[in-house]
Amino acid sequence: MAVHNRDIAEAFRRMADVLDVEGENPFRVRAYRQAAATLESLPRDVGDMVAAGEDLTRLPGVGEDLANKIREIVTTGHFRALEEELSHLPPGLADLVRIPGLGPKRVRALYQLLGIESIEDLKKAAEAGEVANLPGFGARTEARILEEIARLGATERRLRLIDAEHIANPLTSWLEACPGVGRVLVAGSFRRRKETVGDLDILVTAADGADVTRRFSKHPDVTEVLSAGPTRATVRVGGGFQVDLRVVDENAYGSAALYFTGSKAHNIELRKLAIRHGWKLNEYGLFAGE
DNA sequence: AGGCGGTACTG
DNA sequence: CAGTAC
DNA sequence: GCCT
């Protein structure tokens with residue numbers, strides 16, 4: 001059975017999760033995730049490239065090492081480095097870092113302090129109220145963990161663009177009518193008109209951000225407030241769809257619109273370009289370096 | 001060999 | 001301040 | 001881990 005890009009990407013992601021929990025160098029972890037993303041967006045089957053003897057290191061984020069690992073997976077169907085790493089950990093532990101709010105440090109704390117080895121274990125512990133007592137955790141974190149676990153079963157959370165639009169439009173009108181709000185722009189992948197949208201990134205200009213995020217958090221469609229501060233709020237609306245609201249000053253509108261429209265890869269290239277010119281680019285503007 | 005994005009919110 | 005997310 |  002042929003190995004496809006998707007399978008290799010999944011293996012690399014799994015490797016990243018395991019290394020993450022093991023406390024490996026975060027940049028090494030990121031390299032696996034980056035390569036996984038490259039493979040998934042690749043229009044060609046990497047197996048064909050291997051068969052044709054093509055140079056895999058030409059792919060962005062794929063160097064000598066990962067090219068060898070891709071070849072290994074394609075030709076043998078095995079990924080020995082992953083199997084090796086997995087033997088160091090309970091098999092279900094690495095899954096925990098996929099729960100939003102849980103990074104490698106918290107997962108290790110759960111494992112060491114409560115012996116939690118899987119999402120199943122975590123669910124039981126959280127239901128028993130044991131998680132809230134851990135250092136760095138609290139009642140709110142515990143509640144959120146349970147919600148995230150419940151969401152995990154639900155089928156893919158991405159929405160088709162048209163469905164995202166039906167959520168975005170009323171929110172946009174509502175924000176435009178909000179006192180103190182100037183411009184309103186739905187940025188992110190929605191603005192890039194991607195086929196599906198994972199969340200909504202709404203950019204707003206206002207002088208008093210805290211007031212806007214506070215009002216927004218009380219919008220009738222908001223079912224859950226994940227965070228809310230003076231410049232940003234993250235909420236979920238009916239159906240569990242995530243909406244990020246960012247508030248910037250009017251004079252940062254242009255750079256914020258650029259920044260929050262992305263894509264992430266595009267932003268990274270732009271930042272590099274700025275650095276090469278001795279400048280610094282962020283969501284607030286383009287500035288002279290240092 | 002040395003850098004790897006920069007900023008905001010929670011606990 | 002550490003951890004996490006974006 | 002990759003990239004410059």
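Order of the sequence lines sets the chain letters (A, B, ...), proteins ahead of strands, with each chain counted from 1.
A:Ala35 comes within 4.0 angstrom of nothing in the nucleic acid, heavy atoms only. If you check every strand for non-hydrogen atoms under 4.0 Å, A:Phe137 touches sugar and phosphate atoms only. Across all strands shown, A:Leu102 has heavy atoms under 4.0 Å from sugar-phosphate atoms exclusively, and none from any base. Residue contacts shown for A:Thr57 are absent, as no nucleic acid heavy atom lies under 4.0 Å away. When heavy atoms are screened at a 4.0 angstrom cut-off, A:Gln242 is found touching the sugar-phosphate backbone but no base atom. Within 4.0 Å (heavy atoms only), A:Pro135 reaches no atom of the nucleic acid at all.
Contact check on A:Lys272 versus A:Glu269 returns a salt bridge, with a Lys/Arg side-chain nitrogen under 4.0 Å from an Asp/Glu carboxylate oxygen. In summary, A:Glu22 and A:Arg28 do not engage in a salt bridge, as defined by a charged side-chain N under 4.0 Å from a carboxylate O.
When the nucleotides B:dG5, B:dA8, D:dC2 are ranked by their closest atom to the side chain of A:Thr231, B:dA8 comes out on top. Among the nucleotides B:dG5, C:dT4, D:dC2, the one closest to the side chain of A:Lys105 is C:dT4. Among the nucleotides C:dC6, D:dG1, B:dT7, the one closest to the side chain of A:Phe27 is D:dG1. For A:Asp65, taking side-chain heavy atoms from C-beta onward, the closest of the listed nucleotides D:dC2, B:dG6, B:dG11 is D:dC2. Relative to the side chain of A:Pro100, the nucleotides B:dT7, C:dA5, D:dC2 differ in distance, and C:dA5 lies closest. Nearest nucleotide to the side chain of A:Arg106, out of C:dC6, D:dG1, C:dT4: C:dT4. Comparing atom distances between the A:Pro104 side chain and each of C:dT4, D:dC2, C:dC6 picks out C:dT4 as nearest. Closest approach to the A:Asp244 side chain among B:dC9, B:dA8, C:dC6 is made by C:dC6 (side chain taken as heavy atoms from C-beta onward). Each of B:dC4, C:dC6, B:dG11 was ranked by its minimum atom distance to the side chain of A:Arg30; first place goes to B:dC4. The listed nucleotides are B:dG5, D:dG1, B:dT7; the one nearest the side chain of A:Tyr32 is D:dG1.
Between the CG atom of A:Asp199 and the C1' atom of C:dC6 there is a distance of 9 Å, rounded to whole Å. A straight line from CD1 of A:Ile145 to C1' of B:dT10 spans 13 Å, rounded to a whole angstrom. Across the protein-nucleic acid pair, A:Leu281 atom CG and B:dG5 atom P stand 14 Å apart, rounded to whole Å. If you take CD1 of A:Ile268 and C1' of D:dC3, they are 12 Å apart, rounded to a whole angstrom. A:Arg271 has its CZ atom 15 Å from the C1' atom of D:dC3, to the nearest Å. At whole-Å resolution of the value, CG in A:Asn25 and C1' in B:dG3 are 11 Å apart. Residue A:Asp201 contributes atom CG, which lies 16 Å from atom P of C:dA5 at whole-angstrom precision. When the P atom of C:dC6 is taken as reference, atom CD1 of A:Ile202 falls 15 Å away, rounded to whole Å.
Aromatic ring orientation, A:Phe216 versus A:His219: tilted (interplanar angle from 30° to 60°).
Taking 4.0 angstrom as the limit, A:Gln34 places none of its side-chain polar atoms (N or O) nearer than this to OP1 or OP2 of D:dC3. Regarding contacts with the backbone of B:dT7, a side-chain N or O of A:Asn282 is found under 4.0 angstrom from either OP1 or OP2. Note on A:Lys272: every side-chain N or O is 4.0 Å or more away from OP1 and OP2 of B:dG5. Using a 4.0 Å cut-off, no side-chain N or O of A:Lys264 falls inside it from OP1 or OP2 of C:dA5. OP1 and OP2 of B:dG5 both lie 4.0 Å or more from every side-chain N or O belonging to A:Tyr284.
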**Request:** Show the numbers, then the answer: is there a side-chain contact (heavy atoms from CB on, under 4.5 Å) between A:Asn282 and A:Tyr259?
**Result:** CA-CA 7 Å; A:Asn282 60 25; A:Tyr259 180 84; 5.6 Å; no

**Message:** Test salt bridge (charged side-chain N to carboxylate O under 4.0 Å, His left out) on A:Glu250 and A:Arg183; report intermediate values, then the result.
**Reply:** CA-CA 8 Å; A:Glu250 174 71 27; A:Arg183 309 185 199 236; 2.9 Å; yes

**Request:** Check the pair A:Arg246, A:Asp201 against salt bridge (charged side-chain N to carboxylate O under 4.0 Å, His left out), reporting the backbone distance first and the verdict last.
**Result:** CA-CA 8 Å; A:Arg246 323 263 183 161; A:Asp201 262 302; 3.8 Å; yes

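Under the 4.5 Å side-chain criterion, counting only non-hydrogen atoms from C-beta, A:Lys123 is in contact with A:Leu146.
Only the C1' atoms considered, D:dC3 is 15 Å distant from B:dG5, to the nearest whole Å.
Comparing A:Glu283 and A:Leu226 by the nucleotide of DNA chain B that holds the closest heavy atom to each, the one mapping nearer the 5' end is A:Glu283.
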